[in-house]
Amino acid sequence: MERLEFLSLYRRVLRINRRCLPFQLRVLGDDYARSEFRLHKNAAPNFRWKFFNEWKMYCQMLEKREQQNDIGMNLSPEQIQALSAEQQTKLQQLREEAIKTGTKEDMNQ
């Protein structure tokens with residue numbers, strides 16, 4: 001694997017983290033990626049390919065979730081009905097805050 005490919009993948013990971021992850025998770029993800037890429041930059045070629053492929057799959061997974069706007073977990077109607085009225089109210093408030101936060105992040109980018 002060429003050094004250019006390695007750096008290109010690292011940059012791709014950081015761009016996808018910036019696009020797809022909330023700030024707190026992005027900071028964590030960027031730190032983790034930075035550490036892992038530093039640790040593996042001189043790894044044996046057969047291990048580097050495995051490392052490279054795992055990070056490519058990570059990027060593809062986040063891109064897919066971004067396209068589907070699928071961040072978080074959807075509750076089934078049965079799960080929602082099983083909640084108390086207070087829990088349903090809290091769930092709705094959480095949903096509204098998540099939407100507001102997403103809108104604020106979009107405006108800041």
Side-chain angles (χ1 to χ4, degrees):
M1 175 187 314
E2 297 293 324
R3 178 177 162 81
L4 184 59
E5 289 176 289
F6 200 72
L7 289 174
S8 178
L9 178 61
Y10 174 65
R11 289 184 193 120
R12 180 180 175 200
V13 168
L14 295 180
R15 279 193 307 270
I16 288 171
N17 284 351
R18 184 175 55 237
R19 257 192 0 242
C20 298
L21 298 178
F23 178 76
Q24 295 85 353
L25 290 178
R26 187 179 85 205
V27 169
L28 180 65
D30 288 352
D31 287 346
Y32 180 75
R34 186 176 303 112
S35 172
E36 287 295 303
F37 274 80
R38 281 184 184 152
L39 287 172
H40 293 89
K41 69 180 177 182
N42 296 319
N46 61 336
F47 187 77
R48 275 180 88 178
W49 277 110
K50 184 177 179 180
F51 176 83
F52 188 82
N53 287 331
E54 289 295 323
W55 280 101
K56 279 176 49 177
M57 288 183 351
Y58 168 80
C59 291
Q60 291 167 352
M61 182 268 308
L62 277 184
E63 288 170 337
K64 181 180 176 184
R65 291 187 71 156
E66 178 186 33
Q67 290 170 356
Q68 296 172 346
N69 198 21
D70 186 23
I71 305 295
M73 184 180 107
N74 295 321
L75 297 176
S76 70
E78 294 81 22
Q79 290 172 314
I80 294 173
Q81 280 185 323
L83 298 174
S84 69
E86 182 181 353
Q87 290 172 322
Q88 289 181 11
T89 301
K90 290 287 184 186
L91 180 63
Q92 182 60 31
Q93 290 171 345
L94 178 61
R95 181 180 181 276
E96 291 168 2
E97 285 300 316
I99 290 170
K100 279 192 244 179
T101 300
T103 303
K104 288 177 188 175
E105 286 179 4
D106 291 343
M107 291 173 20
N108 291 333
Q109 291 178 352

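Heavy-atom basis, side chains included; hydrogens, waters and symmetry copies ignored.
Interatomic distance, CD of E86 versus OG1 of T89, reported as 7.5 Å (0.5 Å rounding). For the atom pair S84 OG and K90 NZ, the distance stands at 10.5 Å (nearest 0.5 Å). Separating the CG atom in L9 from the CG atom in L4 is a distance of 11.5 Å, to the nearest 0.5 Å. The distance from atom CZ of R15 to atom CZ of R11, rounded to the nearest 0.5 Å, is 8.0 Å.
Using a 4.5 Å cut-off between side-chain heavy atoms of Ile, Leu, Val, Met, Phe, Trp and Tyr, with links allowed through other members, L7 and Y58 fall into different hydrophobic clusters. Connection of W49 to F51 is established within a shared hydrophobic cluster, with ILVMFWY side chains joined at heavy-atom distances below 4.5 Å, either directly or through further cluster members.
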Would you give me the side-chain donor-acceptor pairs under 3.5 Å for residues 28-39, sequence neighbours excluded?
unit_1, atom_1, unit_2, atom_2, d
D30, OD1, N17, ND2, 3.0
D31, OD1, R34, NH1, 2.9

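Listed by chain and number, the residues in a side-chain hydrogen bond (donor to acceptor under 3.5 Å, both in side chains) with E63 are R12 (sequence neighbours excluded). Legend: residues meeting side-chain hydrogen bond (donor to acceptor under 3.5 Å, both in side chains) with E78, ordered by chain and number and at least two apart, are S76.
Panel note: side chain R48, backbone K41; a donor-acceptor pair is recorded below 3.5 Å.
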*Check step by step if side chain to side chain contact (heavy atoms under 4.5 Å, CB included) holds for E54 and M57.*
CA-CA 5 Å; E54 289 295 323; M57 288 183 351; 3.6 Å; yes
